[in-house]
Each structure stands twice: as structure tokens, then as C-alpha cells.
J.: 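Okay, handing you the structure first.
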Amino acid sequence: MKREDKKRVTSILEQNAQRVPIVELAAKGKSHVRVISGEKAMQLLEAVVDDAISRRSNEAIDADRDRIVGEANEQFKRVARIQAEAESLIDTQKQLIQGQDQRIRDLEGKVRRVAASAGRREKRLANARETILNYDQEIERLANKAQGDASLIAELRQALVARTQEVERVQGLLGDLRTEISSIRDGGAGRDELDAVRNDMAEMKNFLQSLSEQNAAASRDSIDVMLSRLQERESSQSVELENRFAATMNSTLDRISKTLHRATAQPVDSPIEATDALVSRIFDGSMEMESNLARLDVDETTENDGISKSLDRLRRMRERALSDDDGDEETASR
Amino acid sequence: MSGDTNKIEFNNDDPMDQIQSADLPQKPRQTETDRIPGKGLDVGTANLLSAAQTREGKVIVKRERNMFLEIPSNFQRNRSMLTKLNVPYVSYRDRLYVLGDSSFNLANMFGREVRRPMRDGFLSPNEQDAIPMLRFIVERLLGARTVENEPVYFCIPAASIDRDNDTIYHRGVVEGLLKKLGYVPHAINEGHAVVYSELAEQEFTGIGISCGGGMFNVCVAYKTIPAVTFSVSRGGDWIDEHVAKVMGMPRTRATDIKESGTNLLEPRNREEEAVVLYYRNLIEYVLRNLAQRFRIAEDVPSFRDPVEIVVAGGTSMVGGFVDIFAEELKKVDFPLSVASIRRAEDPLTSVVRGCLIAAALDQ
């Protein structure tokens, strides 16, 4: 309590207190009295006042509290509602975001697929470009070859022109000669010369004849000698000559017979031999063939049932047939 | 937000990516030492098949389409690419040929026609490159010999009743080809091979019909003995040719339609209806000729009991074939009593298994 307040309360107590002597109190029959100090009284007053104030304030606080609690409840409900609305909004937003995420993922996947497809297309394009390049190179090679052929043709043409000119020139010369010869024949300018040549040739002939008559006698003797020598040789060489003659005749006959044989040949009787020859020719080692068959597997299927049933039955039937045949033979032999 | 943005995903359907990926694991192969000597070879117009038996009694069958396709020569530089794609090729006379199934697939993709070494069941005389291509395909199918002079039983068609064809050249070339590969060839009638593989329960008595690409081969057998054999020169190719003509498409496309789940009893579109039409016509043609052959032949055995008819071959694999066959049989005055008509359990391999049975029986 403040000093001013204490002073005021003290003055109020003094104003309302009564001074009574002790003897008077005893005369009134009071033997005992409660004595309280001013300070204590002040303390009590302070306690009562505080108590009153706090009771009153508690009452006020309770009312306020109730009011405040009510207001707080209302506020709380409002806030909770807002909170709930906010949360549902947040959920909705989250779902939207998730949907967007999924879409983004899908788009990313699509982008990757498109990129991969574009990569493959690039490769195919590169292969196609390479093929086109090869074609271009081939075309260029063929063009060069054609150009070379064209230049060769041009050279041949030039050569042909030159030869044609040469032929014409020779033909011209020939024509000139013919003209000259015909003029000589007609003009008779060379006739004397011709006659002179003829006379020379006649003289030469006579001379050769005389020579031959002179040599005839001499050669007659040498011929006789040669004949005698031939006769001698004949006897020794007759065998050799016969052999040679026989060999010549045989080879000639062989040739004739082969020619006749070819002319009159009959078709091959055995078709298998003919087709063997055909197949051999086809698969002759001179034919170059390359394949990748040795590096590849052939798809095969396995049948577990197999052929054993049919095979067993066939074998049994065959054995039966054979044993029946043996029985028949025994019967026949008896 | 998103995952790892640095990761790049490849589209595994693109073959270019497959080439650049890690090497494919090699599947274990059965060696030739696992096999019993003796092989079967079905030399068909549309398909070539080989069969061999393992020591455990299983049958290994390999198949390849009997066709090839010439591809542009600029692919000569990309031969390694073809090997990586498991495409068999042959480089011959400065030209490049793709063989077998791969040629069929390529032809379909580019809208081109394949070339066929055989036509109507026989080697095609118009195909000069046929024999070397056939040799490579056969070599690929037969593989290495199991033993020296290993026997191979190959099927040959019977003489046709509606065409004058000569089996001598065809048989001679195939035999020569097999000899060149080091085998000892033996021929067996195609219909008879079907009897061997499908009529064991009936004591190999009945009618076996091989419905191939080039022709239908018929064999009437009595206790393994072929009593009547003949062929008609129409087959799956005839159907493809006519369907392609009326529908205005390449033949390979018509083949593809026929082999892609068509059911003769329930055609789904105009193209399949055309296929049904020609199938019925072909079956009726075969049955009429078969009936006539029975009536005029003197060597037809008399069967006490009704006989079973078995059909095999790629052309019989279409859905509803047996039903259509039974329907058409009723329309024809057939001289034999028929117990049942059925299709081989595996029509595509019936002939080659019959050839293998003949080869195994020979051992």
C-alpha cells in the first residue's frame, strides 16, 4: 500500500477511534481488552482490502473469463474453420501439383523416346547418306569410264579419218597409174621396150635349153646311181616303211572312225549318269559361291513321341512276312 | 517429382537396337554324334524339311521355305549385317540371294515375288539358279553326316494323271545333289511316306494324301505295300495363284492370308472367301480324279473293311480342311467305303517323318 494511502487510512482510523482510559474500562467491568497496534491494524486493513479487491477482481475475471472464453471459442472455431479450408485448399493444390508432376514425368519420357527415335532416324539417315555417297561414287566412276570411252571413240574416229584419207590417196595414185598404163598402151611409147624384153627372154630360154641338154647326159648317169642306191635302201627300209605306213593308216582310220562316231552318236542310255555329269558341272570347284550358312543355326523342333511306334510295327510286320516266307519255302521244299 | 532423368530407355522392338545390344546368348546345339544314322528329306515345292532321330528316340525336324530372293547388290557390303540378323544368304555370280524363310519375309515387306526352285512338285526348268540354291538349303537342313555313306530317304512325287511331267530329271538332280553332299540317296513316294507315318494303327492300310504346295500325292496302301500311287498337279500354289489373280495382290500376300488363321468354315472377309472357294474347288478336283482313278485302275486292292483316309502336308493345315474334305467326299461317288477322314497330328512333318521311318527301317 502506498504511503499516501496509509496516511489516509491512518487518519480515518484516528478519526473513528475513541481514546478511553484503562480505569474507565475497568470501571465498566472490562478486565481484558484486545490491544492491536496501529501497524498491525494497517496490515489487517491491507489484507482485507486486498481480499476484497481480489474477490471482486476474481468475480470480474470469471465474468471476463467466461466472456473471453466464449469469444475465444468463437475465435477458435472461426480459426479452425479457416484452418480446415486452408488445409483442403492445400490438399487440392497438392493433388494439382502431383498431377502436374506426373504430366511432367510423362512428357519427359516422351521426350526421351522422341530423342531415341530421332537418334535412330539419324543413324538411318547416315546410312542412307552413305549409300547415296556410294551411289554417287559409282556414278562418278561410270561417268569417268564413259568419258574415257568417249575419248577412245574420238581417237578411233580420228584414226579412221586418217586411214580413209590414206585410202583415198592410194586410190588416187592407183588411178594415176591406171591412166598412165592406159596411155602407154594406147600411145605405144613402151612397145619397143616390150619387144626388146621379149627378145631377151627368148634368148634366155634358148640358153637354158642348151644347158639342160648338156646336163641331161651327165644327170642320166647320176640318176642311175641314185636309183641303184634307192633299190639298196629299199630292201633295208621296207620294214620301217611298212611300219610307218601302217601307223599312218591306223591314225587316219582312227580319225575317220571318230568322225563317224560323232556323226552317228546315240543318246546316253543312263539318265543318272547324265544328271550326275550335270550336277558335277554345276558344282564344279571353279564356281565361286560364298555364303554365311555355316555361321547360322537352323531352327529345329524336337518331337518327343518320335517314330518308334510306327517303326516297331513295321519291323514286326516285316519279321512276320519273312517268317511266313520261310514257312512257305519249307513247305515247298517238302 | 520425376525419376532419374539421365536414364535413356530403348525401344526393344527396333531391330537396329537389337543389333547394337549385347550379343545374343547361344543356345546349346545337339551334336551330330547324338543322332542315329539315317535321315529323311521332304523335297516339297513350298517347304523343305529334314528329320533325324536321336539316340533317345526323339525326332529333330528342321524346316526351311523352298524359295530365294535376289536382293540389290549394294547389300554386298552389308553381308555382316545379314549374318547378325540371322538371314542366310548366298553370294553367287556377283549377285546376292537370301534363302528360305527370310526371303519370304523380305518379299512380303517390299511387295516383291520370291523365286522358287521348284514348281508343281518338280524342279523348275525356268530357274537357272535353282539347283545351287536348292543345294544350299538342303545342305543347311541336313547338316553334317553322322557316318560315312549315311542314307537319306527323300520323297518324290508320283506321275501326274492330269499333266505330262517327267520325274527322271527331278529325281536325278536331287540324287546327284545328295551324293555330292556325301549321302547315299534313296527315293520314296510322297504318299507312301504319309502311310508310313500316319497309318501304323491300321497296319499301314488305307489312303495317305500329301497335300503339298505344288501337287497332291495319293497313295493307296495295303499292309505297307503301295498299291496305287498317283498325283494331281494342283496344290497350295494353285490356290495362291488364283486368289492373287482375282484379288489383285502379289502371290506371297495370298500365301500369307492363307497361312494366317483362315478357317474355311468361317471366312472373315472377301479375301478369305476367295481362299475358301479355291480350296473347295481343289478338293473336289482331287476327289473326282481319285474316284476316276479307282474306277479305271486294275491294280486297286479290294478292301474288306472301310479304309481310313489321312491327309497331311502344309496345304491341309488350314482350319476346316477335313470338314470341307468330308463334305466334298459325300458329293463324289467314291468307290470305297471310308471309315474316317483325319488330318495328321503334325501335317507339316508327316512326309519327312515317313521318310525317316523308311531310312530307319533300312538300318
Side-chain angles (χ1 to χ4, degrees), chain A residues 97-98 100-102 104-109 112-113 115-117 119-120 123-124 127 130-131 134-135 138 271-280 282-283 287-315 317-318 321, chain B residues 1-3 5 7-11 14 16-17 27 29-30 53-54 57-64 74 77 79 82-83 86-93 99 131-132 135-136 139-141 143 168-169 172-173 175-177 179-180 196-197 200 203-204 223-224 346 349 353 356-357 360-361:
Chain A
I97 290 167
Q98 280 173 358
Q100 294 295 331
D101 283 347
Q102 183 60 40
I104 288 166
R105 279 197 292 274
D106 291 343
L107 286 170
E108 280 176 354
R112 282 197 292 273
R113 281 196 295 277
S117 172
R120 288 193 293 276
K123 281 179 211 158
R124 286 197 193 109
N127 285 342
E130 197 181 332
T131 305
N134 292 338
Y135 275 129
E138 184 69 16
I272 303 301
E273 290 170 8
T275 50
D276 276 352
L278 169 68
V279 170
S280 293
I282 287 167
F283 296 128
M287 286 199 164
E288 297 289 331
M289 283 193 236
E290 188 230 323
S291 79
N292 65 345
L293 298 176
R295 286 174 276 165
L296 301 180
D297 285 338
V298 183
D299 289 335
E300 53 187 45
T301 55
T302 305
E303 298 181 0
N304 291 324
D305 286 343
I307 55 169
S308 49
K309 252 191 281 185
S310 297
L311 200 55
D312 290 341
R313 198 175 276 259
L314 267 172
R315 284 182 176 141
M317 285 177 73
R318 182 185 266 192
Chain B
M1 287 267 285
S2 61
T5 55
K7 186 179 167 185
I8 296 175
E9 293 169 352
F10 287 101
N11 178 2
D14 190 336
M16 293 292 288
D17 290 322
K27 59 180 180 183
R29 294 183 65 184
Q30 280 202 320
Q53 201 180 3
T54 67
K58 295 179 186 175
V59 171
I60 309 290
V61 175
K62 298 180 188 176
R63 186 192 72 85
E64 197 73 76
N74 58 304
R77 296 178 59 252
R79 281 181 279 186
L82 293 175
T83 303
N86 206 35
V87 172
Y89 71 80
V90 172
S91 178
Y92 172 56
R93 288 180 178 172
L99 307 180
I131 297 173
R135 175 251 173 114
F136 275 109
E139 191 176 11
R140 181 171 156 75
L141 290 173
I168 292 176
Y169 172 71
V173 168
E175 279 184 349
L177 195 152
K179 281 181 195 169
K180 267 289 175 190
Y196 268 173
S197 65
E203 299 270 309
F204 306 98
K223 298 210 186 288
T224 79
D346 189 354
T349 63
R353 281 187 287 112
L356 180 61
I357 290 169
L361 196 63

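Throughout, protein chains are lettered first and strands after them, A, B, ... in sequence-line order, and every chain is numbered starting at 1. Computed over heavy atoms, backbone and side chain alike; hydrogens, waters and symmetry mates excluded.
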J.: Of all of R140(B), Q53(B), E139(B), E64(B), which one pairs up most often with chain A through heavy atoms under 4.5 Å apart?
T.: R140(B)
J.: Atom NZ of residue position K309(A) - does it have more than 12 heavy atoms of other residues, nucleotides or ligands inside 6.0 Å?
T.: no
J.: For chain A, which of G57(B), A200(B), S197(B) has the most heavy-atom pairs under 4.5 Å?
T.: A200(B)
J.: In Å and rounded to the nearest 0.5 Å, what is the CD1 to CG distance from I307(A) to L356(B)?
T.: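 The CG atom of L356(B) is 3.5 Å from CD1 of I307(A), to the nearest 0.5 Å.
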J.: How far apart are the closest heavy atoms of F204(B) and S310(A), and which atoms are they?
T.: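 In terms of heavy atoms, the two residues are closest at CZ-O, 3.6 Å.
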J.: If you take all heavy atoms of M317(A) and E203(B), which pair is closest and at what distance?
T.: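 Closest pair (atom of M317(A), atom of E203(B), distance): CE-O, 3.6 Å.
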J.: Ignoring hydrogens, what is the shortest heavy-atom contact between P88(B) and N292(A)? Give both atom names and the distance.
T.: CA-OD1, 3.4 Å
J.: Please find the pair of heavy atoms, one from T302(A) and one from I60(B), that lie closest to each other, and give the distance.
T.: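 Reported closest heavy-atom pair: OG1-CD1, 3.5 Å.
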J.: Measure T349(B) against the heavy atoms of chain A and call it side chain, backbone, both or neither at under 4.5 Å.
T.: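 Side chain of T349(B) only, per the 4.5 Å heavy-atom cut-off to chain A.
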